[in-house]
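Here is the structure we will look at.
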Amino acid sequence: MRYEIRIDGHLSETLAGAFPELDHVVTPDQTLLFGQIVDEAHLYGLLARFQSLGLLVVEMRRLPE
């Protein structure tokens, strides 16, 4: 399953490096992370990483295959 995750603000390259399995694009107000999420455990692990780093997830959506 492919997902797009919108994070409030700009992620530095260091912070983006905490998510090596995801690609990222910086927009004026947000950072978009996108990529393959293999299962529910992977998804919850990503959410835990966002929370532990103090990142605010604005939106998360599954992309068409």
Only distances under 3.5 Å count here; give the side-chain donor-acceptor pairs of residues 46-58 to other protein atoms, sequence neighbours excluded, each with its distance to 0.1 Å.
{"residue": "R49", "atom": "NH1", "partner": "A18", "partner atom": "O", "Å": "2.7"}
{"residue": "R49", "atom": "NH1", "partner": "E21", "partner atom": "OE1", "Å": "3.4"}
{"residue": "R49", "atom": "NH2", "partner": "E21", "partner atom": "OE2", "Å": "2.7"}
{"residue": "S52", "atom": "OG", "partner": "A48", "partner atom": "O", "Å": "3.4"}
{"residue": "S52", "atom": "OG", "partner": "R49", "partner atom": "O", "Å": "3.0"}

Next item on the list: Please check if M60 and Y44 belong to a single hydrophobic cluster, counting links between Ile, Leu, Val, Met, Phe, Trp and Tyr side chain heavy atoms closer than 4.5 Å.
Entry: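 Yes; tracing contacts between hydrophobic side chains, which count when under 4.5 Å, links both residues.
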Note to self: Side-chain heavy atoms nearer than 4.5 Å, only ILVMFWY residues, links allowed to pass through others: does that put Y3 and L15 together?
What the structure shows: yes
Check: To the nearest 0.5 Å, how far apart are CG in L22 and CD1 in I7?
Finding: 9.5 Å
Item checked: Distance in Å, D23 CG paired with Q36 CD, rounded so as to fall on 0.5 Å steps -> 11.5 Å
Check: Rest of the hydrophobic cluster containing L63 (Ile/Leu/Val/Met/Phe/Trp/Tyr, side-chain heavy atoms under 4.5 Å)?
Finding: none
Note to self: Evaluate T27 against L32 for side-chain contact (heavy atoms from CB on, under 4.5 Å), listing each step before the verdict.
What the structure shows: CA-CA 7 Å; T27 67; L32 305 176; 4.1 Å; yes
Next item on the list: Heavy atoms only: give me the nearest G17-P20 pair and the separation to one decimal.
Entry: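 Here G17 and P20 meet closest at O-CD, 3.5 Å.
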Note to self: Ignoring hydrogens, what is the shortest heavy-atom contact between H42 and I37? Give both atom names and the distance.
What the structure shows: ND1-CA, 3.5 Å
Checklist line | Any pair counted as salt bridge (charged side-chain N to carboxylate O under 4.0 Å, His left out), so long as it reaches residues 1-12, sequence neighbours left out | finding: E4-R6, E4-R61, R6-E59
Next item on the list: If a pair satisfies salt bridge (charged side-chain N to carboxylate O under 4.0 Å, His left out) and one of its residues is in residues 28-41, list it, with sequence neighbours excluded.
Entry: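 Sorted pair list comes back empty.
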Next item on the list: State which residues pass side chain to side chain donor-acceptor pair (under 3.5 Å) with E13; sequence neighbours excluded, sorted by chain then number.
Entry: H24
Next item on the list: List in chain and number order the residues that pass side-chain contact (heavy atoms from CB on, under 4.5 Å) with T14, two or more places apart in sequence or in another chain; answer none if no residue qualifies.
Entry: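 Partners of T14 by the side-chain contact (heavy atoms from CB on, under 4.5 Å) criterion, ordered by chain and then number, come out as S12.
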